[in-house]
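What follows is one structure encoded as structure tokens, with my remarks underneath.
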Amino acid sequence: MDMAWPMTQLLLLALVAAAWGAQPRTPGAGMDLLNVCMDAKHHKTKPGPEDKLHGQCTPWKDKACCSASTSQELHKDISLLYNFTVDHCGKMEPTCKRHFIQDNCLYECSPNLGPWIQEVNQSWRKERFLHVPLCKEDCQQWWQDCRTSYTCKSNWHRGWNWTSGINQCPTGTTCRTFETYFPTPAALCEGLWSHSYKLSNYRRGSGRCIQMWFDPAQGNPNEEVARFYAQARSAGALPRGLEPLLLSLALMQQLWLLG
Ligand SMILES: *[C@@H]1O[C@H](CO)[C@@H](O)[C@H](O)[C@H]1NC(C)=O
Ligand SMILES: *[C@@H]1O[C@H](CO)[C@@H](O)[C@H](O)[C@H]1NC(C)=O
Ligand SMILES: *[C@@H]1O[C@H](CO)[C@@H](O)[C@H](O)[C@H]1NC(C)=O
């Protein structure tokens, strides 16, 4: 029997497998993206249980990047965390404000945003989130509940007047309804924090978008979401079509040996 063909196949299989194994891991690929805290101003170095988390941050108490005192502070009208106020155009309505508190809880407490961490060159933090896919309903509800509150800027990261120590509207801007500065839900969720969020087309419960709001009785739905995007990212690091090629080679090999 002519053994040249199966031997060639075997060799090819070994080569492809070796090449696959030698694929450089993308920085932070796979598991490094899961269960991590961002390197920023108030985050803990590692996520862990925090049974005293405050108010709207309690859903994260089993595994949090925020401390109890951080969670408490971010519920205040002018938190000492950033000396930032959402009341820069008069008092914000509570139905609107609760979304900003929840946004802060997600930012400070979530250990599931690893796939969207980016390095930044900022004095107050080394890393940020970019394009976190926020579930459609969470963004829409935020926008709906804030339409009638007031602001003077469409990007809240930059351009404030900090001379008093607290963010104030810079001269030349006017306080108008949110709807004026953020005409759509996407304008709000994406524009507010320089694209920290991306409005997702996926819905709550899909396992494909990050929920700002969740009931901890059912566990943290964002764990599955982070796993999905971390896997998608490391799979993207492999040359496309390699897996089916390997499988068919192995199958051919077996058929040949059986025959
Ligand atoms: C906020 O303001 C307080 C009081 O003026 C000050 O002690 C604190 O350092 C400020 N915090 C930040 C983050 O700027
Ligand atoms: C970061 O910013 C500082 C000044 O703000 C600058 O000197 C430095 O070159 C920057 N580094 C990078 C990598 O952009
Ligand atoms: C900043 O606010 C102060 C008052 O707190 C005001 O005197 C100053 O003109 C403002 N500057 C700018 C650039 O808005």
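Quick caveat: nothing in here was measured; it's all calculated off a predicted structure. Just follow the structure's listing: the first ligand is 1, and inside any ligand the first atom is 1. Each residue takes its place number in the sequence, starting with 1.
Between the side chains of H157 and S194, at least one donor-acceptor pair of N or O atoms lies under 3.5 Å. No donor-acceptor contact under 3.5 angstrom links the side chains of N161 and N167, judged on distance only.
In this pair, W156 and W160 present their aromatic rings perpendicular. The plane angle is above 60°, beyond the 30 to 60° band.
At a heavy-atom distance under 4.0 Å, atoms from both the backbone and the side chain of T171 approach ligand 3.
The ligand atoms of ligand 3 that sit less than 4.0 angstrom from a heavy atom of T163 are 1 (C), 2 (O), 3 (C), 5 (O). Atom numbering of ligand 3 starts at 1 in the shown order; those under 4.0 Å from a heavy atom of Q168 are 2 (O), 5 (O).
For residues 88-97, the set of pairs meeting the side-chain hydrogen bond (donor to acceptor under 3.5 Å, both in side chains) definition, not counting sequence neighbours, comprises D77-K91, D77-K97, D87-K97, H88-T151, E93-T148.
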Show me a pair-per-line table, with atom names and distances to 0.1 Å, of protein N or O atoms that are under 3.5 Å from an N or O of ligand 1.
residue: ligand 1; atom: 2 (O); partner: N83; partner atom: OD1; Å: 3.2
residue: ligand 1; atom: 2 (O); partner: N83; partner atom: ND2; Å: 2.4
residue: ligand 1; atom: 11 (N); partner: N83; partner atom: ND2; Å: 2.9
residue: ligand 1; atom: 14 (O); partner: N83; partner atom: ND2; Å: 3.2

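In this structure, R176 is not positioned above the aromatic face of Y181 in the sense of NZ or CZ being under 6.0 Å from the six-membered ring centre and within 45° of the axis. Cation-pi geometry between R98 and W142 is not met: the NZ or CZ atom fails to fall both under 6.0 Å from the ring centre and inside 45° of the normal.
Checking side-chain atoms of E73 against main-chain N and O of L80 turns up a donor-acceptor pair under 3.5 Å.
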